[in-house]
Amino acid sequence: MSLEVLRTLAAAMTIIAAAMVAANWNARITVCGFALFIAASLAWIADGIMNRRTRSSSRTPFF
């Protein structure tokens, strides 16, 4: 999976999750929104790990 696809999915999941939580329709939708936030967070973490591995040269260990 390319980084652009992963970033697009993570961003879309974050926006949808925010809408689900903000809508406050019922508890089931709110819980699903929080679960989607967790999945989006994991996608962002994977993006950070993959981005760090694809860089050719890194002068500082954390940036």
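- F37 has its side chain out of reach of M20: every pair of non-hydrogen atoms, C-beta onward, lies at least 4.5 Å apart.
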Quiz item: Could you go step by step and tell me if T30 and W25 meet the side-chain contact (heavy atoms from CB on, under 4.5 Å) rule?
Solution: CA-CA 7 Å; T30 303; W25 283 318; over 6 Å; no
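- Here the shortest heavy-atom pairing between A10 and A43 reads CB-CB, 3.7 Å.
- Considering CG of L42 and CG of D47, their distance stands at 12.5 Å, rounded to 0.5 Å.
- I49 contributes atom CD1, which lies 14.0 Å from atom CH2 of W44 (distance to the nearest 0.5 angstrom).
- Within the model, atoms OG1 of T8 and CG of L3 stand 10.5 Å from one another, a figure rounded to the nearest 0.5 Å.
- Atom-to-atom distance recorded for L36:CG and S41:OG is 9.5 Å, nearest 0.5 angstrom.
- Side-chain atoms of E4 and L9, non-hydrogen and from C-beta on, never get closer than 4.5 Å to each other.
- A continuous path of hydrophobic side-chain contacts links I29 to M13 [ILVMFWY only; heavy atoms under 4.5 Å].
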